[in-house]
Amino acid sequence: MTTTSDVPAADVTLAADLALAAELRVSLGRATRRLKGERGEAGLSDPQFNVLAILLREGPMSPGGLADVERIQPPAMTRTVNCLVERGLVRKEEHPTDGRQVVVTLTEAGEAEVAETRRRRDAWLSARLADLTAAERATLVQAAELLRRIAAS
């Protein structure tokens with residue numbers, strides 16, 4: 001029979017880290033799915049919203065550049081961009097130096113959609129945080145910093 005004292009400390013630590021990793025993966029996935037359920041008026045899909053958010057953050061980009069950022073194939077991004085053009089959330093403009101390409105630009109309606117979606121997501125999360133104790137919120141402040149570091153690695 002193997003007891004805890006017979007197992008090397010490194011193995012116990014690894015097992016604990018793997019268990020924590022699994023719990024975090026599941027919890028973060030559920031929280032992310034719930035948060036992404038809060039959408040603006042346009043009811044965009046996640047990939048469509050991501051394009052708007054990227055354009056707001058990075059500025060105008062080619063469809064190929066957007067595809068690279070999102071790690072998807074260019075034809076899929078072209079379909080997403082075309083859908084957003086039809087909704088008036090982005091527009092395609094001539095590329096300044098390459099006449100074969102276009103640049104995708106966020107419209108005022110697109111900016112408003114990003115702002116409204118973020119407002120709704122913040123409101124949903126803020127309401128959940130209000131139900132927590134001060135100590136629980138302080139723990140989340142620390143966790144947020146740790147998750148930022150993990151995401152940046």
Side-chain angles (χ1 to χ4, degrees), residues 13-14 16-153:
T13 300
L14 177 59
D17 286 350
L18 288 172
L20 176 58
E23 181 62 31
L24 282 171
R25 177 181 47 77
V26 170
S27 298
L28 288 170
R30 286 180 180 158
T32 299
R33 281 189 298 279
R34 180 57 189 90
L35 196 57
K36 285 185 174 187
E38 298 298 317
R39 299 176 191 275
E41 294 296 323
L44 299 176
S45 67
D46 291 339
Q48 291 168 338
F49 177 78
N50 290 347
V51 167
L52 298 184
I54 290 165
L55 291 172
L56 184 64
R57 182 181 67 241
E58 303 292 332
M61 298 179 79
S62 69
L66 286 165
D68 289 344
V69 170
E70 282 294 279
R71 295 185 174 119
I72 64 171
Q73 294 298 313
M77 182 55 72
T78 297
R79 287 189 297 275
T80 299
V81 167
N82 287 340
C83 181
L84 293 170
V85 167
E86 289 172 13
R87 293 173 147 208
L89 300 172
V90 301
R91 68 179 167 273
K92 293 186 205 174
E93 300 172 339
E94 270 188 39
H95 191 283
T97 60
D98 186 347
R100 299 168 296 164
Q101 291 192 44
V102 297
V103 174
V104 182
T105 304
L106 197 59
T107 64
E108 285 185 25
E111 286 184 41
E113 182 64 21
V114 172
E116 178 60 15
T117 298
R118 288 179 174 170
R119 185 199 65 74
R120 289 180 183 195
R121 290 176 178 179
D122 289 347
W124 180 85
L125 191 52
S126 179
R128 301 309 147 315
L129 294 173
D131 293 336
L132 301 178
T133 66
E136 288 170 325
R137 286 193 303 276
T139 298
L140 284 178
V141 168
Q142 293 174 328
E145 175 55 32
L146 295 173
L147 289 170
R148 267 193 296 278
R149 285 181 18 210
I150 289 169
S153 66

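Residues E93 and P60 have side chains not in contact (no heavy-atom distance under 4.5 Å, counting atoms from C-beta outward). V104 is not listed as a side-chain neighbour of M77, based on a closest heavy-atom distance of 4.5 Å or more. Between R33 and K36 there is no side-chain heavy-atom pair separated by less than 4.5 Å. The shortest distance between side-chain heavy atoms of E38 and D122 does not fall below 4.5 Å. Residues R87 and E113 form no side-chain contact, since every pair of their non-hydrogen atoms from C-beta on lies 4.5 Å or further apart.
Rounding to the nearest 0.5 angstrom, the gap separating the CG atom in L89 from the OG1 atom in T105 is 13.0 Å. Atom CG in L84 sits 9.5 Å away from atom CD in E86 (nearest 0.5 Å). Between the OG1 atom of T78 and the CG atom of L66 there is a distance of 9.5 Å, given to the nearest 0.5 Å. Note that the CG atom of L44 and the CG atom of N50 stand 10.0 Å from one another [nearest 0.5 Å].
With sequence neighbours excluded, no residue forms a salt bridge (charged side-chain N to carboxylate O under 4.0 Å, His left out) with R128.
The heavy-atom pair separating P63 from V102 by the smallest distance is CD-O, 3.4 Å. The shortest heavy-atom contact between G88 and A109 is O-CB, 3.7 Å. Between Q101 and S62, the closest heavy-atom pair is OE1-CB, 3.6 Å. Taking all atoms of both residues into account, the shortest heavy-atom contact from R118 to A53 is NH2-CB, 3.8 Å.
With L55 as the fixed residue, the side chain to side chain contact (heavy atoms under 4.5 Å, CB included) test singles out one of V69, L106, T107: L106. Tested against R30, the residues T32, L28, V26 include a single side chain to side chain contact (heavy atoms under 4.5 Å, CB included) partner, V26.
Within a 6.0 Å radius of CZ in R57, more than 12 heavy atoms belonging to other residues, nucleotides or ligands are found. Within a 6.0 Å radius of CD in E136, more than 12 heavy atoms belonging to other residues, nucleotides or ligands are found.
Note on D131 versus R137: no salt bridge recorded, every NZ/NE/NH1/NH2 to OD/OE distance being 4.0 Å or above. By the 4.0 Å N-to-carboxylate-O rule, E41 lies close enough to R120 to be salt-bridged with it.
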### Message
side chain to side chain contact (heavy atoms under 4.5 Å, CB included), that's the test. Do L52 and L56 meet it? Break it down for me.
### Response
CA-CA 6 Å; L52 298 184; L56 184 64; over 6 Å; no
### Task
Take M61 and I54 through the test side chain to side chain contact (heavy atoms under 4.5 Å, CB included) and record every step on the way to the result.
CA-CA 9 Å; M61 298 179 79; I54 290 165; 3.7 Å; yes
### Trace of the side chain to side chain contact (heavy atoms under 4.5 Å, CB included) decision for T80 with E70
CA-CA 12 Å; T80 299; E70 282 294 279; over 6 Å; no
With a 3.5 Å cut-off and sequence neighbours excluded, list the donor-acceptor pairs that the side chains of residues 145-153 form with protein atoms.
residue	atom	partner	partner atom	Å
E145	OE1	R148	NE	3.3
E145	OE1	R148	NH2	3.1
S153	OG	I150	O	2.7

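Cation-pi contact between R121 and F49: present, with separation from the ring centre below 6.0 Å and deviation from the ring axis of at most 45°.
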